[in-house]
Amino acid sequence: MNKYILISLVIAVALFLLLRDKKPVVASAEIVANAPIQKVWEIETDLYNWSDWNSDIESMEVKGDIGLGTVFVWKAGGITIESIITEYEPYTRIAWKGKIFGIDAYHVWKFTDRGDSTHISTEEKFSGILHWLLPGTMRVKIDKALKHGVEVLKNAAENKSPNNAN
């Protein structure tokens, strides 16, 4: 009898994983920085110096000049991520994709010129087995990271004390 219970349990878990909603986990954040778009863009796209203004960044290695196709390897939250820039429209948007622990991630930053200020928005999408197993946990982590990211970018662009936004 125990054998049938175990088989039934395995089948139930497999069906759950196969039939579960496979939409990516999506999170976003936005903010307005009281700084011109040129300054905001230069800070965000200077990958080499991300750790100067964003305490989440532990290390960064950029392979080549910053632009479409650039590969960079960075560490945040104890996790090393290899990313490739997939979109690069100066003063408008930059996006990259990466893969870690069976997760496919896509992250985009968008910038809108408002004269003396800049509207900053960012969105991240995760898909893969880990997000199917822990969608709520993944969403909370992404939300927190994105909110922190826009806040510290704003602070850096406005010349406020770096790394203080939580």
Side-chain angles (χ1 to χ4, degrees), residues 13 16-18 20-31 33 35 37 39-111 118 120-166:
V13 169
F16 170 78
L17 292 174
L18 289 172
R20 189 168 186 166
D21 185 9
K22 294 181 182 174
K23 293 179 195 167
V25 173
V26 179
S28 61
E30 60 185 293
I31 202 164
I37 197 166
K39 185 172 186 181
V40 175
W41 176 260
E42 288 171 11
I43 292 168
E44 176 61 26
T45 59
D46 181 7
L47 306 182
Y48 301 100
N49 292 304
W50 272 4
S51 62
D52 291 350
W53 56 270
N54 188 337
S55 61
D56 287 349
I57 308 303
E58 299 167 30
S59 66
M60 173 67 71
E61 177 190 353
V62 181
K63 300 177 180 180
D65 294 332
I66 308 299
L68 192 61
T70 301
V71 173
F72 59 103
V73 180
W74 51 299
K75 187 174 184 178
I79 299 170
T80 301
I81 307 157
E82 183 172 327
S83 299
I84 183 167
I85 296 176
T86 57
E87 298 177 53
Y88 188 85
E89 298 173 32
Y91 307 105
T92 304
R93 68 189 290 137
I94 184 170
W96 54 84
K97 65 180 181 177
K99 190 170 190 159
I100 55 166
F101 303 127
I103 298 172
D104 292 314
Y106 171 78
H107 195 149
V108 61
W109 287 81
K110 299 176 188 174
F111 307 92
T118 304
I120 303 165
S121 65
T122 186
E123 181 180 272
E124 189 154 8
K125 296 177 184 178
F126 273 59
S127 61
I129 191 156
L130 190 56
H131 103 275
W132 297 337
L133 296 173
L134 305 168
T137 301
M138 296 300 294
R139 175 68 181 260
V140 168
K141 286 186 173 289
I142 296 171
D143 276 339
K144 184 177 178 184
L146 295 184
K147 286 176 185 168
H148 175 77
V150 296
E151 289 172 1
V152 295
L153 177 56
K154 170 187 166 79
N155 288 345
E158 294 176 354
N159 293 321
K160 293 181 180 176
S161 180
N163 296 318
N164 288 335
N166 288 319

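Residue numbers start at 1 and run along the sequence shown. This one's a predicted model, so the numbers in the text were calculated from it and none came from an experiment. For the numbers below, each heavy atom of this structure counts, side chains included, while hydrogens, waters and symmetry mates do not.
Without hydrogens or angle criteria, K125 side chain to Y106 main chain gives no donor-acceptor distance under 3.5 Å.
Note on ring orientation: taking the six-membered ring where Trp is involved, the planes of W50 and W53 are perpendicular (angle over 60°, cut-offs 30° and 60°).
Here the OG1 atom belonging to T122 is positioned 10.5 Å from the CZ atom belonging to R93, to the nearest 0.5 angstrom. Taking OG1 of T118 as the reference point, atom CD of E158 lies at 9.5 Å (rounded to 0.5 Å). The CG atom of L153 sits 9.0 Å away from the CG atom of N54 when rounded to the nearest 0.5 Å. Here the straight-line distance linking atom CG of D56 with atom NZ of K144 works out to 8.5 Å at 0.5 Å rounding. Note that CD1 of I85 and CH2 of W96 are 7.5 Å apart. Values are rounded to the nearest 0.5 Å. The distance from the NE2 atom of H107 to the CZ atom of F126 is 9.0 Å, given to the nearest 0.5 Å.
The side-chain heavy atoms of I66 and Y88, taken from C-beta on, include a pair separated by under 4.5 Å.
Closest approach of K39 to A156, counting heavy atoms only: CE-O, 4.3 Å. The shortest non-hydrogen separation linking W41 to E89 is CH2-O, 3.5 Å. Contact record, V40 with A33: CG2-CB, 4.2 Å, taken as the closest heavy-atom pair. Scanning all heavy atoms of the two residues, the minimum distance from E87 to L68 falls at N-CD1, 3.7 Å.
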With a cut-off of 3.5 Å and sequence neighbours excluded, list every side-chain donor-acceptor pair involving residues 69-81.
unit_1: T70; atom_1: OG1; unit_2: D65; atom_2: O; d: 2.4
unit_1: T70; atom_1: OG1; unit_2: G67; atom_2: N; d: 2.9
unit_1: T70; atom_1: OG1; unit_2: G67; atom_2: O; d: 2.9
unit_1: W74; atom_1: NE1; unit_2: S83; atom_2: OG; d: 3.1

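Using a 4.0 Å cut-off between charged side-chain N and carboxylate O, E151 and K147 make no salt bridge.
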